[in-house]
Amino acid sequence: MDATSVRAAGSTALLTDRYELTMLQAALRSGAAHRRSVFEVFTRRLPSGRRYGVMAGTGRVLDAVENFRFSTAQLDWLSGQGVVDEDTLRFLADYRFRGDIHGYPEGEVYFPGSPLLTVEGSFAEAVILETVILSILNHDSAIAAAASRMTAAAGGRPVIEMGARRAHEQAAVAAARAAYVAGFAATSDLEAGFTHGIPTTGTAAHAFTLVHDSERDAFRAQIASMGKGTTLLVDTFDLREAVRTAVEVAGPELGAVRIDSGDLTLLAHRVRRQLDELGAGNTRIIVTSDLDEYAIAALAAAPVDGYGVGTSLVTGSGHPTCAMVYKLVARAGTDGGPLVPVAKRAAGGKTSIGGRKWAARRPDAEGVAEAEVVGTGPLPDELRPHLVQVPLVRVGETVGREPLSAARERHVRARAALPLSATQLSKGDPVLPTELVLPTELVLPTDVVL
C-alpha cells in the first residue's frame with residue numbers, strides 16, 4: 001500500500017477466475033505446476049487515438065499479491081462447490097507468492113508491447129495471480145491515461161476528481177487514486193482521502209441552495225460555516241444575480257464561484273467581467289458539468305481557474321480498460337534448466353512474443369524520448385541507463401512500495417520527456433514507435449503488430 005494508507009486486511013484470493021484454479025489442479029497432477037515460469041503483462045495496442053498509456057495501480061497490485069492468501073472459509077467454499085480437489089486445497093492453504101516481480105513503476109508512460117509487469121515463479125504460484133493483477137492494472141491505467149490527457153489539456157490549472165457517484169463505490173476510490181497519480185489536484189471522495197492521503201475538497205450542491213428560503217440565505221449560511229474563502233455555486237437560478245449576491249455577502253474576499261451548467265466559455269467570460277467590476281478580482285472561477293479532456297481544452301482561453309471532472313474520468317473518457325493481457329512467455333523444461341521462450345500463435349493479431357523482455361526508452365540528442373526499445377536478448381550497453389522496469393518483489397518480499405507522491409512526480413517527468421505531440425488530442429498513432437530487439441534465432445510471427 002501507499003505509505004500514507006491503512007493496510008487492507010481482506011483476502012484477495014477469490015478475486016480470480018475459476019479456470020486459474022482448475023489449471024492449477026491439472027498442473028499439480030501433471031507435474032508442470034512447479035516449473036519455473038515467467039508471465040508478462042502487456043497491451044498489443046493503445047485505445048484508438050491515444051498517444052501513450054499511463055501505468056497505474058502498481059501499489060494496489062503489490063497489496064493484492066501480499067493479501068493473496070486463502071482463508072479457511074474460502075477453502076471450505078471451494079471444497080463445497082467442487083471447484084478443486086483435496087490436493088489442490090492443501091496447496092492453496094499454504095499458498096504465498098514467493099517469486100519475483102518487476103515492471104514499469106507507477107506513473108510511468110508505456111506503449112504497445114511494453115513489458116509492464118513481469119511475474120516470475122513456479123507456474124502454480126504465478127498463474128493464479130492473473131485476474132487480480134489485470135483487473136487492477138486495466139482499470140487504474142485506463143483512468144490514469146484519461147486523467148493525464150485532462151491535466152495536460154488543463155495547462156497547469158488544477159483539476160478536481162469528483163466522479164464517485166458515477167462508479168462502483170470501491171472503483172471510485174481506485175479511480176481517485178489513479179487520477180491523483182496522473183496529476184489531479186484533489187478528490188471529493190473521502191475514502192480516497194483517508195486511504196491514500198489524497199487532498200479532498202468540496203463545498204455545496206444545488207440542494208443546499210434549494211433547502212434555504214433564498215439564495216442569499218444559503219450563501220450566508222455557507223460563508224458562516226466555511227469562511228469567505230469558500231466556493232459558492234452560482235447557477236441554481238439566475239447566474240448574474242447570484243454572482244452579485246455572492247460578492248455582496250462575502251465581499252471581495254470570496255474564494256471562488258462555481259458554474260455547473262450552460263455555455264461554460266461564454267459564462268466564464270461574463271462572470272469574470274462581473275467579478276472584476278464588483279471588486280472581486282481575486283475570486284476564482286471553477287467550472288464543472290460533464291467535462292472531459294476536449295471540453296477542458298476548449299476552455300483554455302476562457303478565464304477559468306479550475307475544473308471538476310466526474311463521469312468522463314471514472315469511465316476512462318470512453319476507454320474504461322487498457323486491453324492488457326497476462327501471458328506466459330518463458331518456462332523451464334521438465335528437468336529444470338534454463339528458461340525456454342514460449343508464445344501463443346494465433347490469427348487476428350493475438351500472437352505474443354516469447355522470452356523474458358527488457359525495456360528501455362531511448363532518448364535523442366536533446367534528451368527527448370524517440371523510441372520504446374523492447375528486447376529478449378542481451379541488453380545493449382548504450383541502453384542500460386535508460387531501462388524502464390524496476391524491481392517490485394524479490395523472493396516474495398515487496399521491495400518496490402513507495403509513497404503515492406513519488407508516482408505522481410514520476411508521471412510529470414515521464415510525460416515531459418515525450419515529444420510535444422504526445423499531448424495533442426487529435427487522433428494519431430502512439431507518439432513513440434516500439435522497436436523490437438530479438439535474437440536472430442527467434443523469428444517474429446507475421447501477424448504481430450506493435
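The shown structure was predicted, so the numbers you read here are calculated from the model rather than taken from an experiment. All heavy atoms count here, side chains included; hydrogens, waters and symmetry mates do not.
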With a 3.5 Å cut-off and no angle check, do the side chains of [X] and [Y] form a donor-acceptor pair?
{"X": "His411", "Y": "Ser148", "answer": "yes"}
{"X": "Thr288", "Y": "Arg258", "answer": "yes"}
{"X": "Glu215", "Y": "Thr209", "answer": "no"}
{"X": "Asp260", "Y": "Ser289", "answer": "no"}
{"X": "Ser352", "Y": "Arg44", "answer": "no"}
{"X": "Arg166", "Y": "Thr315", "answer": "no"}
{"X": "Thr12", "Y": "Asn67", "answer": "no"}
{"X": "Ser11", "Y": "Gln74", "answer": "yes"}
{"X": "Thr398", "Y": "Glu66", "answer": "yes"}
{"X": "Tyr294", "Y": "Arg149", "answer": "yes"}

Roughly how far apart are [X] [atom1] and [Y] [atom2], rounded to 0.5 Å?
{"X": "Leu62", "Y": "Ile133", "atom1": "CG", "atom2": "CD1", "result": "9.5 Å"}
{"X": "Ser261", "Y": "Asp290", "atom1": "OG", "atom2": "CG", "result": "11.0 Å"}
{"X": "Phe219", "Y": "Leu254", "atom1": "CZ", "atom2": "CG", "result": "8.5 Å"}
{"X": "Ile285", "Y": "Leu275", "atom1": "CD1", "atom2": "CG", "result": "5.5 Å"}

With a 4.5 Å heavy-atom cut-off, do [X] and [Y] have their side chains touching?
{"X": "Trp358", "Y": "His102", "result": "no"}
{"X": "Val54", "Y": "Ile143", "result": "no"}
{"X": "Val247", "Y": "Thr283", "result": "no"}
{"X": "Ile286", "Y": "Val257", "result": "no"}
{"X": "Tyr104", "Y": "Pro115", "result": "yes"}
{"X": "Phe42", "Y": "Ser114", "result": "no"}
{"X": "Ser317", "Y": "Met150", "result": "yes"}
{"X": "Ser37", "Y": "Glu120", "result": "no"}

message: Show the nearest heavy-atom pair for residues Phe111 and Pro430, with the distance to one decimal.
response: CD2-CB, 4.2 Å

query: Could Arg408 and Tyr180 be counted as a cation-pi pair, given that NZ or CZ must be under 6.0 Å from the ring centre and within 45° of the axis?
result: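 Pair Arg408/Tyr180 counts as cation-pi.
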
Do [Y] and [X] meet the salt-bridge criterion of a basic N to acidic O distance under 4.0 Å?
{"X": "Asp305", "Y": "Arg157", "result": "no"}
{"X": "Glu108", "Y": "Arg410", "result": "no"}
{"X": "Arg384", "Y": "Asp381", "result": "yes"}
{"X": "Glu106", "Y": "Arg401", "result": "no"}

message: Between Arg216 and Glu248, is the salt bridge (charged side-chain N to carboxylate O under 4.0 Å, His left out) condition met? List the steps.
response: CA-CA 9 Å; Arg216 183 179 296 271; Glu248 285 181 358; 2.8 Å; yes

message: Before we go on, tell me: are the rings of Tyr95 and Phe97 under 6.0 Å apart, centre to centre?
response: no

field: Ring centers of Tyr52, Tyr110 separated by less than 6.0 Å
entry: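 Tyr52 vs Tyr110: aromatic centres not under 6.0 Å.
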
- request: Just say parallel, tilted or perpendicular for the rings of Tyr326 and Phe39, cut-offs at 30° and 60°.
  value: parallel

message: Please determine whether the number of non-hydrogen atoms from other residues, nucleotides or ligands lying under 6.0 Å from atom CG of Leu266 exceeds 12.
response: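 Result for CG/Leu266: enclosed.
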
- prompt: Stepwise, does the salt bridge (charged side-chain N to carboxylate O under 4.0 Å, His left out) test hold for Arg362 with Glu435?
  reply: CA-CA 10 Å; Arg362 188 177 68 233; Glu435 297 180 1; 2.9 Å; yes

task: Would you check, one step at a time, whether the test salt bridge (charged side-chain N to carboxylate O under 4.0 Å, His left out) holds for Arg96 with Glu397?
output: CA-CA 10 Å; Arg96 178 179 182 272; Glu397 297 299 323; 2.7 Å; yes

- request: Test Glu372 against Arg361 for salt bridge (charged side-chain N to carboxylate O under 4.0 Å, His left out), laying out the working first.
  value: CA-CA 5 Å; Glu372 190 86 339; Arg361 188 158 304 139; 2.7 Å; yes

task: Give the intermediate values and the outcome of side chain to side chain donor-acceptor pair (under 3.5 Å) for residues Thr231 and Arg284.
output: CA-CA 9 Å; Thr231 299; Arg284 295 171 295 115; 4.6 Å; no

